[in-house]
A.B. asks: 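Sharing a structure below in structure tokens format, with a few things to ask.
As a basis for the values below, the full set of heavy atoms in this structure was taken, side chains included, without hydrogen atoms, waters or symmetry mates. If you're wondering where the values come from, they're calculated on a predicted model, not measured in any experiment.
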Amino acid sequence: MIPLRLAATVLLTLGAAQSSTAQTPWFSNVSDSSGIDLVMTSGDFPSRQILDVNGGGVALFDYDGDGDLDVFLANGATSKDPEHGPGSRLYANRGDGTFIDVTVAVGLDLTRWAMGVAVGDYDGDGWDDLYVTCFGPNVLLRNDSDPRGGRRFVDVTQVAGVADPGWSTSAAFADLDRDGDLDLYVVNYLAFDPANPPAQGSRSFKGVSVMAGPRGLEAQSDTLFENLGDGHFRDVSVAALGELEPQYGLSVRSLDVDGDGRTDLFVGNDSTPDRLLHNLGGLRFRDVGLESGVATNGMGTPQATMGLGLFDADGNGLPDLFLTVFSDDGNTLHLNLGNGYFDDRSASFGLGPPSRPYLGWGCGFFDFDQDGDEDLLVANGHVHPEMETPEVGGEWAQRPLRFERRGSRFLEIPGGADWCGERYHGRATAFGDLDGDLDVDALMTTLAGPVVTLRNESNSPRGVVVALEGGGQSAREFGSSVALTSRQGTQRRWVTGGGSFQSVDSSEAHFAVTATDDYLRIDVIWGDGFSWRLTKAPLGRRLVVRRTRVPKSLP
């Protein structure tokens, strides 16, 4: 039995909070001055094969332990030489939201076609490591210290046994067996041979010939690696998952969906039913997607799920799931009703119909305008260049969608003369406080284009940020929930493995309180059951909660 309240230490860090300057448009595009200068590579452009269309992912994490968020970008290559592209990049934060390329300095030499990234301290040494999904063998990069000073990343893929040689898209770390270390779930897509690609024009879209796939191509099975605790993993996919039919996987999050204390897995699939893998204990899972209502939309139709958002839409304390999907469909909000059931409430929350013309990818629910509730940003961009032909009359590049929470619904804020009115080949997103002013900034990758850096201009002196263990990427932090309770009600955030699409957001929990309040409480429940409470929490601060006594692992 783990005590409900064990000792913990709180470090208070001042944030550079200012008076609120705008409710919308929330962000300004500071890409030109951010220092992130990589132009992403992803096969041919315009895209002619399905291999070219996913683009690369992004992770926000503190690789060097200096208290600010750094940026890793998973970059691609070309079908002519998928092993030798321009290379993935690591950018260190200067402490003010601008960045410097430290790829060479940290020994990171990853030129193969990278797709996505997962972040986690798999070896328990206190430093966040990187697992990079690729077209071809994946890569595990251990974050080590350099004897000459600083941090370095070492490729330990072969030693760890986590190469997974297929086409992997997203991945998620989580302590799935509750033994105190991080296991790894890898999402795989389909079999593709660049030397013998499908014939061009083998599929029709709106009467126009387009690239093949995913339908008609061979789907690949996902992989589950168990962490053995000694730097090695083993493939336990069949024993843990059973004989699941391969699907076209694109996204994954690890989270406790039903509050039973065990971490589940939600997997977003392209054009086939999504999966909710319920954790039965003993490193065994059962797909309950169909019976729970999340495998399809409310009409019973499988969707082409790209991105995966997470928030508590109705304030019942349970995580709800939001999916971005293909155009001519509607993005879907699955409301978590408890007792293992979900309901499609996309229309009632105002999130479905506005998205129908768009093809969505990365997304994020955060309180961008600092008014006490969570808003939404979605990256969009079609996969077919043929959208621009007169026969189709659509858009290949598409503007992002932003939604402001207004009571029980979301209001789509049209793009105007600001950055959100521009069209992008949007793909992955990652969210976090890049400049230390206690609000949530954003990064968006684009297909074969620059990375878009968005600075949040909605600063508020009544914000508070909660960081667990100073990093949030160890076995104890994954699966944690953080709640802020004021007289206005309770806001709740979750620390999950994986992310929206091929990416990782900051693990810090961001809150804002709009009214003067003499009662402010923060409750943290770690993934292993450790519970902690702070009353009379200060505003305008970043709180780093470090545990000073560690309970034994749960059975």
A.B. asks: Can you tell me if N227 uses its side chain to pair, donor with acceptor, with the backbone of Y122 under 3.5 Å?
C.D. replies: yes
A.B. asks: Under 4.0 Å between a side-chain nitrogen and a carboxylate oxygen: does that hold for D523 and R533?
C.D. replies: yes
A.B. asks: Is the backbone N or O of N279 less than 3.5 Å from a side-chain atom of R262, with the two atoms forming a donor-acceptor pair by type?
C.D. replies: yes
A.B. asks: So do the side chains of F45 and D52 get within less than 4.5 Å of each other, counting heavy atoms only?
C.D. replies: no
A.B. asks: Answer yes when R151 and D70 have at least one side-chain N-carboxylate O distance shorter than 4.0 Å, and no when they do not.
C.D. replies: no
A.B. asks: Decide yes or no on side-chain contact (heavy atoms from CB on, under 4.5 Å) for L141 and D155, but give the supporting numbers first.
C.D. replies: CA-CA 5 Å; L141 298 169; D155 186 341; 4.2 Å; yes
A.B. asks: Could you go step by step and tell me if D181 and D179 meet the side-chain contact (heavy atoms from CB on, under 4.5 Å) rule?
C.D. replies: CA-CA 6 Å; D181 53 36; D179 65 351; 2.7 Å; yes
A.B. asks: Side chains of L438 and R542: does their closest heavy-atom pair fall under 4.5 Å?
C.D. replies: yes
A.B. asks: Is the backbone N or O of G381 less than 3.5 Å from a side-chain atom of W361, with the two atoms forming a donor-acceptor pair by type?
C.D. replies: yes
A.B. asks: Tell me the closest heavy-atom pair linking V451 and S31, and the distance in Å.
C.D. replies: O-OG, 3.6 Å
A.B. asks: Taking the inter-plane angle between the rings of F153 and Y63 on a 0 to 90° scale, is it parallel (under 30°), tilted (30 to 60°) or perpendicular (over 60°)?
C.D. replies: tilted
A.B. asks: Tell me, do D128 and V119 make a side-chain contact under 4.5 Å, heavy atoms counted?
C.D. replies: yes
A.B. asks: For D193, does the CG atom sit with more than 12 other heavy atoms under 6.0 Å from it, leaving out its own atoms?
C.D. replies: yes
A.B. asks: Mind checking whether F72 and S88 have side chains closer than 4.5 Å, heavy atoms only?
C.D. replies: yes
A.B. asks: What about F365 and F311, are their ring centers closer than 6.0 Å?
C.D. replies: yes
A.B. asks: To the nearest 0.5 angstrom, please state how far the CG atom of D222 sits from the OH atom of Y185.
C.D. replies: 3.5 Å
A.B. asks: Determine whether a donor-acceptor pair (N or O, by modelled atom type, separation under 3.5 Å) exists between the side chain of S168 and the backbone of T133.
C.D. replies: no
A.B. asks: First locate atom OG1 of T169, then atom CG of N269, and finally report the distance between them rounded to the nearest 0.5 Å.
C.D. replies: 9.0 Å
A.B. asks: Does a side-chain heavy-atom distance below 4.5 Å link D101 with R89?
C.D. replies: yes
A.B. asks: Should the pair F431 and F368 be assigned to parallel (<30°), tilted (30 to 60°) or perpendicular (>60°) ring geometry?
C.D. replies: tilted
A.B. asks: How close do F501 and L250 get, counting heavy atoms only, and between which atoms?
C.D. replies: CD1-O, 3.7 Å
A.B. asks: When you look at CG of L310, are more than 12 heavy atoms from neighbouring residues, nucleotides or ligands closer to it than 6.0 Å?
C.D. replies: yes
A.B. asks: For G56, does its backbone N or O pair with a side-chain atom of T445 as donor and acceptor, under 3.5 Å?
C.D. replies: yes
A.B. asks: Whether the side chain of T157 engages the backbone of V162 through a donor-acceptor N/O pair (distance < 3.5 Å, no angle test) should be reported.
C.D. replies: no
A.B. asks: Hey, could you give me the OG/CE distance between S170 and M115, rounded to the nearest 0.5 Å?
C.D. replies: 10.5 Å
A.B. asks: Looking at D68 and D96, would you say the former's side chain and the latter's main chain have a donor-acceptor pair under 3.5 Å?
C.D. replies: no
A.B. asks: Specify whether Y189 and Y248 have parallel, tilted or perpendicular ring planes, treating 30° as the upper limit for parallel and 60° as the lower limit for perpendicular.
C.D. replies: perpendicular
A.B. asks: Can you name the closest pair of heavy atoms from R427 and M444 and give their distance?
C.D. replies: N-CG, 4.5 Å
A.B. asks: Please check this pair: side chain of T41 against backbone of G76, looking for a donor-acceptor N/O pair closer than 3.5 Å.
C.D. replies: no
A.B. asks: Is any side-chain heavy atom of V187 less than 4.5 Å from a side-chain heavy atom of S251?
C.D. replies: no
A.B. asks: Run F478 and D183 through side-chain contact (heavy atoms from CB on, under 4.5 Å) and show every step you take.
C.D. replies: CA-CA 11 Å; F478 282 125; D183 310 298; over 6 Å; no
A.B. asks: State, to 0.1 Å, how close S47 and L447 come at their nearest heavy-atom pair, and which atoms those are.
C.D. replies: OG-CD2, 3.5 Å
A.B. asks: Check whether N336 reaches the backbone of V257 with its side chain - one donor and one acceptor, N or O, closer than 3.5 Å.
C.D. replies: yes
A.B. asks: Show the numbers, then the answer: is there a side-chain contact (heavy atoms from CB on, under 4.5 Å) between H278 and D258?
C.D. replies: CA-CA 9 Å; H278 176 56; D258 51 8; 2.9 Å; yes
A.B. asks: List the atom of S500, the atom of C363, and the distance in Å for their closest heavy-atom pair.
C.D. replies: OG-N, 2.8 Å
A.B. asks: Do D256 and T263 have side-chain atoms, one donor and one acceptor, less than 3.5 Å apart?
C.D. replies: no
A.B. asks: Are the side chains of Y424 and V452 in contact, using a 4.5 Å heavy-atom criterion?
C.D. replies: yes
A.B. asks: Nearest 0.5 Å please: distance from the CG atom of D177 over to the CG atom of L224.
C.D. replies: 9.0 Å
A.B. asks: Could you pull out the closest heavy-atom pair between V482 and F511, with the gap in Å?
C.D. replies: O-CZ, 3.5 Å
A.B. asks: CG/D37 to OH/Y91 distance, rounded to the nearest 0.5 angstrom?
C.D. replies: 4.0 Å
A.B. asks: Can a donor-acceptor pair be found, under 3.5 Å and without considering hydrogens, that links the side chain of D81 to the backbone of G85?
C.D. replies: no
A.B. asks: Do L434 and L443 have side chains that approach each other closer than 4.5 Å (heavy atoms only, starting at C-beta)?
C.D. replies: yes
A.B. asks: What's the separation between atom CG in L184 and atom CG in L140, rounded to the nearest 0.5 Å?
C.D. replies: 8.0 Å
A.B. asks: Under the side chain to side chain contact (heavy atoms under 4.5 Å, CB included) test against R275, which residue among V267, V294, V288, L265 passes?
C.D. replies: V267
